[in-house]
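Structure record follows, encoded as structure tokens.
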Amino acid sequence: MPSSRETPAVAERAARLAAERSARQKIASAGLAVVKIGSSLLTDPDAGTAHGSIRHWCGEIVAELNRGRRVLLVSSGAVAEGVARLGWRRPPSDLPNLQAAAAVGQMGLVGAYESAFAEHGRHTALVLLTHEDLADRRRYLNARTTLNRLLDLGVVPVVNENDTVATDEIRFGDNDTLAALVASLLAADALIVLTDVDGVHGADPRAHPQAARIAYARADDPSLDAGAGSGGEFGRGGMVTKIDAARIAARSGAHTLIIDGRRRGALADAFGGQSVGTLLAAGVEPLVARKRWIAGQQRPKGELVLDAGAAKALRERGVSLLPVGVAAVRGEFSRGALVRCVNAAGELIAQGLVNYSSAEAVSICGAASADIRSRLGYVLEPELMHRDNLVLI
């Protein structure tokens with residue numbers, strides 16, 4: 001409670017500073033961190049890959065490893081390296097040439113990391129992922145096991161999207177999203193995003209140079225979107241994807257720190273608890289592993305449109321979703337598929353795994369559980385989606 005002399009604004013500011021200190025301390029004490037380095041920090045206009053920058057970042061990462069921290073690296077830069085090696089003037093826009101550039105460039109990128117980490121006596125491993133690898137439960141678990149084993153061995157995994165085989169249907173779209181999903185996959189304590197600006201601003205700093213940096217916010221704060229800008233020539237992201245990535249990471253309890261990677265010692269400052277960059281804090285405790293997987297899925301197979309009562313019950317009481325609360329079914333999906341739950345306005349409420357196919361769901365939507373048998377001739381489950389397989393978004 002604020003004292004009689006303390007205004008609500010002062011009390012709110014004090015609470016905010018305390019929350020920021022607590023979140024920065026969690027990053028400082030992180031046992032496992034995912035570090036994502038953007039294309040702008042790794043690209044040399046003439047040579048493709050900025051080898052000096054890679055050696056620098058490897059040195060900073062090794063310093064954290066020597067302090068007992070486990071670090072996984074998500075790196076951009078393969079396309080830029082491939083474009084340089086192929087002698088092209090600019091990155092292509094069509095998928096086949098992008099995939100070709102990525103395939104050629106991946107050789108140079110992993111070679112640069114292998115050489116730089118070897119200077120410190122460290123091994124590295126290249127891990128290429130597509131969205132399908134994390135959408136399929138078995139492959140998801142295999143990926144988690146492999147990455148954890150590499151970390152246990154003291155190896156630094158260098159993760160990138162498998163651009164060579166990824167199509168529009170299975171690609172992550174950008175490495176910010178990939179980094180956030182990997183952070184969720186491994187239940188990382190922190191996601192550190194190194195970019196070419198000093199954080200999120202109240203407006204896009206490229207268009208509004210005087211816009212102030214936001215030092216701290218909750219990842220789910222909608223006002224953050226005002227500071228999102230576009231990506232660079234080789235990047236597919238921009239600040240908007242970094243904010244979205246922070247929201248994905250937050251679902252598994254990981255804090256995200258977006259910092260200026262052009263500064264020497266940026267990682268040391270981040271892990272030292274310094275007030276650098278923009279810290280986007282998770283507002284929830286870490287989810288259990290299965291729910292983390294459900295929350296991380298980005299390509300649902302369909303939608304269930306909930307009535308007002310069902311939407312309120314899910315949000316406020318954490319109950320299972322019954323057929324009676326479903327007003328409409330959209331898309332085609334099978335039993336066990338991941339689907340979104342939205343309200344009448346199309347706002348996302350939750351997502352989870354359904355007990356019935358879309359055809360079955362159409363037949364029983366709006367019905368009481370006791371009426372499922374009369375409509376279908378059988379009962380699989382009384383719930384359309386059980387709360388253990390459902391995550392609020």
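Heavy-atom basis, side chains included; hydrogens, waters and symmetry copies ignored.
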Between [X] and [Y], is there a donor-acceptor pair closer than 3.5 Å when you use the side chain of the first and the backbone of the second?
X	Y	value
Trp293	Leu134	yes
Ser357	Glu360	yes
Arg55	Ala116	no
Ser369	Pro382	yes
Ser363	Ala359	yes
Tyr216	Arg24	no
Asp198	Asp260	no
Asn66	Ala63	no
Ser358	Phe333	yes
Thr145	Leu141	yes

Subject >> Row check, Phe271 ring normal vs Arg67 NZ/CZ: under 6.0 Å, within 45° >> reply: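 The answer is no; the distance or angle limit is not met.
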Subject >> Pair Glu60-Leu194, side chain to side chain contact (heavy atoms under 4.5 Å, CB included): steps then yes or no >> reply: CA-CA 12 Å; Glu60 289 213 20; Leu194 299 167; over 6 Å; no
**OP:** Answer yes or no: is there an ion pair linking Arg70 with Asp152, defined by an N-O contact shorter than 4.0 Å?
**Re:**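 Looking at Asp152 together with Arg70, the answer is yes, because their closest N to O distance falls below 4.0 Å.
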Original post:
Going by an N to O cut-off under 4.0 Å, is there a salt bridge joining Asp176 and Lys36?
Top reply: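 Looking at Lys36 together with Asp176, the answer is yes, because their closest N to O distance falls below 4.0 Å.
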Original post:
Could you go step by step and tell me if Leu41 and Ser53 meet the side chain to side chain contact (heavy atoms under 4.5 Å, CB included) rule?
Top reply: CA-CA 7 Å; Leu41 301 178; Ser53 295; 5.9 Å; no
Which value, rounded to the nearest 0.5 Å, describes the distance between [X] atom [atom1] and [Y] atom [atom2]?
X	Y	atom1	atom2	answer
Ile349	Ile393	CD1	CD1	10.5 Å
Met385	Leu322	CE	CG	11.5 Å
Asn162	Glu132	CG	CD	11.0 Å
Leu185	Arg292	CG	CZ	7.5 Å
His123	Leu153	NE2	CG	9.5 Å
Ile364	Arg373	CD1	CZ	12.5 Å

**OP:** Kindly determine whether His120 and Leu65 satisfy side chain to side chain contact (heavy atoms under 4.5 Å, CB included), including the steps that lead there.
**Re:** CA-CA 11 Å; His120 301 275; Leu65 296 174; over 6 Å; no
**OP:** Run through Ile61, Val34, Ile192 and flag the one making a side-chain contact (heavy atoms from CB on, under 4.5 Å) with Leu73.
**Re:**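 Among Ile61, Val34, Ile192, the one that satisfies the side-chain contact (heavy atoms from CB on, under 4.5 Å) with Leu73 is Ile61.
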Answer yes or no: does atom [atom1] of [X] have more than 12 heavy-atom neighbours from other residues, nucleotides or ligands under 6.0 Å?
X	atom1	value
Arg387	CZ	no
Arg13	CZ	no
Glu114	CD	no
Glu119	CD	yes
Lys301	NZ	no

Path from [X] to [Y] over hydrophobic side-chain contacts below 4.5 Å:
X	Y	value
Leu267	Tyr113	yes
Val155	Leu32	yes
Ile37	Val110	no
Leu129	Leu338	yes
Leu384	Val342	no

Original post:
Should Val159 and Leu147 be marked as a side chain to side chain contact (heavy atoms under 4.5 Å, CB included) after you check the CA-CA gap, both sets of side-chain angles, and the distance that decides it?
Top reply: CA-CA 10 Å; Val159 179; Leu147 289 170; 4.3 Å; yes
